[in-house]
Amino acid sequence: MPNLEHPAYPAADLLLLESLVPCRESQVSTLLSIFGERQQFSFPSIFIYGHTSSGKTYVMQTLLNTLQLPHVFVNCVEYFTSRLLLEEILIQLQSCSGTEQTSPVRCDTLNDFVRLFKQAVASQELQDQTLYIVLDRAEQLREMEANILPAFLRLQELVSVWKEVIVCVLPVERHLQKILTQNHPPEYSADFYAAYINILLGVFYMVCRDLKELRHLAALNFAKYCEPVVRGEGLSAHTHVELPYYSKFLLIAAYLASYNPVRTDKRFFLKHHGKIRKTNFLKKHEKTSNHLLGPKPFPLDRLLAILYSIVDERVAPTANIFSQLWAKASCEQLANQFMYRKNQQHDGLYWITSLVTLQLLSMVGQNDQLDGPRYKCTVSLDFIRAIARTVNFDIIKYLYDFL
């Protein structure tokens, strides 16, 4: 069942419009309700705002072209003076019927624009229709003469037609995934490409929400993602990560430090902590989960304390970690050993540096000379659960959100 319905427009055109603007059905439906029918009066001006590359220009152009509504579309960056802007509007208006403008239009003042605008509307027989003047990048109007923006806002009173200002909506991740999946290569299925886009957004969405840049990144990295499939391995480059045994525990400890509140460390990782009332850890007063808020930075000493706790039960009494026996090492001693014994075989700083290089961890606050470096774990829950399964570690039991 189509999401777009309007009695004034053919159902076939609305169905085509819906297929051309995925994930923007609610915004297009709102615009259609504001526009009304061709002969109906609309609002004198509409301003909708949004972030870069979220579909503002494309949605408006597609809507007006698909429904064949009379309109003028002008980019205020390209036509950066009031004279250029007014002349371009008149030129496009005179060619609405399909005829080309043979002689240039000269428009020096707003009075000339109003006079020529009325003549063009009469010659195109648009007196009984709503004419849309779309001003793309309309914020540039503030850099022009002081009277240009008030004149456009009151254009209805001067020429008895209606104006439209282009704006956009804010994108969300699930919309980007659906939009990017539409461009999948024909030799691969949509489901296969959707899985790739899901991984791509998991890595880049926190730092980049520009659709054009994400589309470029998707095309740039897709060949690398497909290499294991081409070789017959059947695993993506993201999931086929081989880490040393203790590096996996280090990554697990980093994930727990990123998504567990500091106040819960005693419950999860301190042995012989005594009886802790369960009511102290109820989350009914918390507004949202830590996984929805994203990873939190943690200091190095907290990472080492968690790592010591989760590995201590899984190593043999003679096992060397950081080239020292852990059986009697305190967290402070372990941190000192970790920072200064860099030339040993199982050097912990090398492990952390390797995880940062692989973009499984990210360093924050590295310029802080007082507190030292802080880190965040950047992997997803599904990824860390897959890592935890390889070392038989039940990570869900140690996550505060899943109590």
Side-chain angles (χ1 to χ4, degrees), residues 6 8-10 13 16-17 20-21 28 31-32 34-48 56-168:
H6 198 284
Y9 304 103
D13 291 344
L16 175 61
L17 178 62
L20 294 175
V21 287
V28 173
L31 287 173
L32 290 177
I34 294 174
F35 289 176
E37 301 181 7
R38 293 174 181 267
Q39 291 76 21
Q40 291 179 340
F41 286 110
S42 181
F43 291 94
S45 61
I46 301 175
F47 182 77
I48 312 170
K56 41 190 180 293
T57 301
Y58 174 76
V59 168
M60 187 60 68
Q61 283 181 327
T62 305
L63 171 63
L64 296 174
N65 291 330
T66 303
L67 301 182
Q68 299 180 358
L69 298 174
H71 67 277
V72 173
F73 209 102
V74 184
N75 189 312
C76 296
V77 174
E78 183 178 358
Y79 302 95
F80 52 90
T81 67
S82 59
R83 177 178 174 180
L84 292 174
L85 180 64
L86 298 177
E87 289 180 354
E88 178 62 20
I89 292 174
L90 293 173
I91 291 175
Q92 290 192 29
L93 181 58
Q94 293 184 11
S95 60
C96 280
S97 61
T99 59
E100 295 293 336
Q101 175 68 24
T102 56
S103 60
V105 177
R106 185 174 182 84
C107 180
D108 295 321
T109 65
L110 280 172
N111 288 333
D112 294 337
F113 174 74
V114 172
R115 176 176 54 83
L116 295 173
F117 193 92
K118 288 181 178 180
Q119 294 177 4
V121 169
S123 63
Q124 299 294 331
E125 299 181 354
L126 298 174
Q127 300 94 326
D128 298 331
Q129 297 189 50
T130 301
L131 174 65
Y132 301 95
I133 302 178
V134 182
L135 302 178
D136 194 12
R137 300 294 298 275
E139 70 277 3
Q140 299 297 322
L141 294 176
R142 295 177 295 182
E143 306 298 329
M144 301 182 185
E145 287 80 352
N147 63 342
I148 190 70
L149 181 57
F152 275 119
L153 294 177
R154 301 183 62 184
L155 190 60
Q156 167 201 357
E157 303 175 17
L158 299 175
V159 296
S160 300
V161 297
W162 298 87
K163 178 182 74 68
E164 188 73 20
V165 179
I166 184 66
V167 283
C168 83

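What's counted below: heavy atoms across the whole structure, side chains too, no hydrogens, waters or symmetry copies.
Within the 4.5 Å cutoff, no side-chain heavy atoms of L63 are placed close to those of V21. L131 places a side-chain heavy atom less than 4.5 Å from the side chain of F117. Contact annotation: the side chain of M60 never approaches that of H71 to less than 4.5 Å [non-hydrogen atoms, C-beta and beyond]. Residues F113 and I89 meet the side-chain proximity criterion, which asks for heavy atoms closer than 4.5 Å.
A donor-acceptor pair under 3.5 Å is formed between the side chain of E87 and the backbone N or O of C107.
Of all heavy-atom pairs between E145 and S82, the closest is OE1-OG, 2.9 Å. C76 and L135 make their closest contact through SG-CB, 3.9 Å (heavy atoms, listed as atom of the first residue, atom of the second, distance). When every heavy atom of D13 is checked against every heavy atom of T66, the shortest pair comes out as O-CG2, 3.6 Å. Nearest heavy-atom pair, Y58 versus L20, reported as atom, atom and distance to 0.1 Å: OH-O, 2.7 Å.
One finds the CG atom of L90 at 7.0 Å from the CG atom of L86 (value rounded to the nearest 0.5 Å). We find the CZ-CG distance between F80 and L141 to be 14.0 Å, quoted to the nearest 0.5 Å. Rounding to the nearest 0.5 Å gives a distance of 11.5 Å between CG of L149 and CD of E143. Taking CG from L116 and CD1 from I91, the interatomic distance works out to 11.0 Å, rounded to the nearest 0.5 Å. R137 contributes atom CZ, which lies 12.0 Å from atom CD of E78 (distance to the nearest 0.5 angstrom).
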Go through the steps for V121 and L93 under the test side chain to side chain contact (heavy atoms under 4.5 Å, CB included), then give the verdict.
CA-CA 8 Å; V121 169; L93 181 58; 4.1 Å; yes
Worked verdict on V72 versus V74 for side chain to side chain contact (heavy atoms under 4.5 Å, CB included)
CA-CA 6 Å; V72 173; V74 184; 3.6 Å; yes
One pair to check against side chain to side chain contact (heavy atoms under 4.5 Å, CB included): F35 and L69. What are the steps and the verdict?
CA-CA 10 Å; F35 289 176; L69 298 174; 4.2 Å; yes
Assess the residue pair M144 and L85 against the criterion (side chain to side chain contact (heavy atoms under 4.5 Å, CB included)); give the C-alpha distance rounded to whole Å, side-chain angles, the decisive distance to 0.1 Å, and a yes or no.
CA-CA 10 Å; M144 301 182 185; L85 180 64; 4.1 Å; yes
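Aromatic pair F73/Y132: centroids not less than 6.0 angstrom apart.
Applying the ring pair (Phe, Tyr, Trp, His ring centres under 6.0 Å) test to H6 and every residue at least two apart in sequence or in another chain returns Y9.
Donor-acceptor pairing under 3.5 Å is recorded for the side chains of D136 and T57.
Surrounding CD of E139 are more than 12 heavy atoms belonging to other residues, nucleotides or ligands, all under 6.0 Å away.
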